[in-house]
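Chain letters run A, B, ... following the sequence lines, proteins first, then strands; residues in each count from 1. Values below: every heavy atom of this structure, side chains too, minus hydrogens, waters and symmetry copies.
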There are 2 protein chains.
Amino acid sequence: MIDYNHPAVRYYQEVSEQCIHYLSIDGVIFGFHENQLKVLLLRWKNTTEWSLPGGFIRKAESVDVAAQRVVQERTGLDKLYLQQFHVFGEANRYDQADTWARTKLPIQTVKWSERTISIGYYALVEHSKVVPTPDFMTDECCWWPIDNVPSLLFDHNNIINVALGSLRKQIEDQPINHLLPETFTIPELQRLYETILGYPLDARNFYKKIVGSGALERLSERRAGTPHKAPYLYRFKAKHL
Amino acid sequence: MIDYNHPAVRYYQEVSEQCIHYLSIDGVIFGFHENQLKVLLLRWKNTTEWSLPGGFIRKAESVDVAAQRVVQERTGLDKLYLQQFHVFGEANRYDQADTWARTKLPIQTVKWSERTISIGYYALVEHSKVVPTPDFMTDECCWWPIDNVPSLLFDHNNIINVALGSLRKQIEDQPINHLLPETFTIPELQRLYETILGYPLDARNFYKKIVGSGALERLSERRAGTPHKAPYLYRFKAKHL
DNA sequence: ATACCTTTACGTCAAAAGTACGTAAAGAAG
DNA sequence: CTTCTTTACGTACTTTTGACGTAAAGGTAT
């Protein structure tokens, strides 16, 4: 017996009509705060179960635009750095019965197709500018440290791991400049690199490499209020943004 | 007025029922022959129009398996090196009217959805082992040199460019060993690298780098019948395959 | 056969990049 | 004013990369 007024039922009916079946988007939204790399997770209504934000692609909508929309709705940000990184297309990506039981939704209301292929995007956002916003399926939206993420619904732990691997690869090629505020200090950038890479770096060598790359410009101000010697502020040169 | 006996109509009816709508797979099959990097293309029936091999994903089939199937059917190979490299998801990826006109198929028979999102895979295959096989929509299947590909149907020229970019990135990280026969000489490997990268390499430095990496083992035989000094044969060590 | 040419299979050397570690100046705390 | 931590820069050594040298192998022209 289906409750046609249940918000999930209404949502999935709408999705069924307007969106592409069997296909979804999952977003790994990375932020950096208090020297930790974090991801934005959602807690499903009336449960203690968490998942990544996700959504569906409208029939006439570009996939990139759909990803933009999904991330924008959770963060409130409109200028986003988004990177498509992998398609998760296994016929049996995760234990469906288990997952739908954990969401505490009546299974027949949400199972709108037998399986879902998910396109993974990661976003790099400035932590302080984000307003974490749950959707109508979730009670809570907040940051979790990347190395302390709970056991998630679907195969979302795996998706986060693959996203982190892609991010680590990316950081070797080009400096990553969307996770910090516009101005920052070299030591702050070093903490970011260290948490993404997962190992410590030598401050002297990091300084040499990053300044030597020519991607940054030093401002005349220094960061005030630090307990020690005040570090200079830097910003990425325009062509590196 | 639709001709329900037209093979394209029958195929798309079957696809409509058994496969996932709006979603397809395109395969860029790379081979290496006569010092040239080549891709396998299909010529559509009764036309001079070419495209990449592609296909659809069955409702309960893993995406990787579907890609495997598509490439296998065109090449006859069953052990394939396949790499998913990008999703082409623009709402308006290509000029649909133009493309369907060029295929010389009655448009309403083949337009089974408004747009298609395509998952791009590239395959690295041993040229000599491939038996190029057209399908029921195409008259001809053959190799084209990568730098002399004609104007293709759909957005397939773009897909090839993105695939080549991904391959170039991959070759910087790890040696590529699926495009050559099991045994090969260092100069042959160098020609492969040169055609993938698109610029010449210094033979002395290439030798040093590739032998120094420890990925190869030298056999006692040399390549006979060369016009000059007979080069040693090498093969990839097991753990690099 | 022998001179000649091309290619292979190494080697040499210098520049550049990466890694380890030294240290003076700045700023806070006792 | 001493002590401690951190920044900002420096020095020295090692590894990697890039330019180029060369002897041996194998064919071709005479």
(request) Provide, to the nearest angstrom, the distance between the CG atom belonging to A:L189 and the P atom belonging to D:dA8. (result) 12 Å
(message) C:dA9, OP1 or OP2 - any side-chain N/O from B:Y207 closer than 4.0 Å?
(response) no
(request) Send over the distance from A:F184 CZ to D:dT7 P, rounded to a whole Å. (result) 15 Å
(request) Write down the distance between CG (A:L219) and P (D:dA8), rounded to a whole number of angstrom. (result) 12 Å
(message) Without decimals, in angstroms, what is the distance between A:Y193 OH and C:dG18 P?
(response) 13 Å
(message) In this structure, how many angstroms lie between the P atom of C:dT19 and the CZ atom of A:F206, rounded?
(response) 13 Å
(request) Would you tell me whether A:Y81 and A:N177 have side-chain atoms, one donor and one acceptor, within less than 3.5 Å of each other? (result) no
Distances for protein N/O vs nucleotides 3-6 of chain C N/O pairs under 3.5 angstrom?
{"residue": "C:dT6", "atom": "O2", "partner": "B:H228", "partner atom": "ND1", "Å": "3.1"}

(request) Go along nucleotides 11-17 of chain D 5' to 3' and tag each nucleotide: B for a protein heavy atom under 4.0 Å from its base, S when only backbone or sugar atoms are that close, - otherwise. (result) BB-----
(message) Rounded to whole Å, how long is the line connecting atom OH of B:Y199 with atom P of D:dA19?
(response) 11 Å
(request) Take A:R222 and A:D202, find for each the nucleotide of DNA chain C with the closest heavy atom, and name the residue whose nucleotide sits nearer the 5' end. (result) A:D202
(message) Give me the atom names and distance for the closest heavy-atom approach of A:C141 to A:L40.
(response) SG-CG, 3.7 Å
(message) Counting the atoms with a prime plus P, OP1 and OP2 as sugar-phosphate, which does A:T226 contact under 4.0 Å by heavy atoms, base, sugar-phosphate, or nothing?
(response) sugar-phosphate
(message) Which heavy atom of B:Y94 sits nearest to which heavy atom of B:T116, and what is that distance?
(response) OH-OG1, 4.5 Å
(message) Within the supplied structure, the quantity of interest is the number of heavy atoms (other residues, nucleotides, ligands) at a distance under 6.0 Å from A:K45 NZ; does it exceed 12?
(response) yes
(request) Indicate whether OP1 or OP2 belonging to C:dC10 is found under 4.0 Å from a side-chain N or O atom of B:R218. (result) yes
(request) May I ask you to decide whether A:K237 forms a salt bridge with A:E217, counting only side-chain N to carboxylate O separations under 4.0 Å? (result) no
(message) Taking the basic N atoms (NZ, or NE/NH1/NH2) and the acidic carboxylate oxygens, is any pair closer than 4.0 Å for B:R191 and B:E194?
(response) yes
(message) Is it the case that the side chains of A:E182 and A:Y234 hold a donor-acceptor pair, with the cut-off being a distance below 3.5 Å and no angle test?
(response) no
(request) Calculate the interatomic distance between A:I210 atom CD1 and C:dT19 atom C1'; express it in whole Å. (result) 16 Å
(request) Looking only at non-hydrogen atoms, find the nearest pair between A:D26 and A:G54 and report the distance. (result) OD1-CA, 3.8 Å
(request) Mind calculating the distance between CZ (A:R223) and P (D:dA8) to the nearest angstrom? (result) 11 Å
(message) Quick one, B:L82 and B:D64 - any side-chain contact, counting heavy atoms below 4.5 Å?
(response) no
(message) Which is more 5' along DNA chain D, the nucleotide nearest A:R204 or the one nearest A:P227? Just name the residue.
(response) A:P227
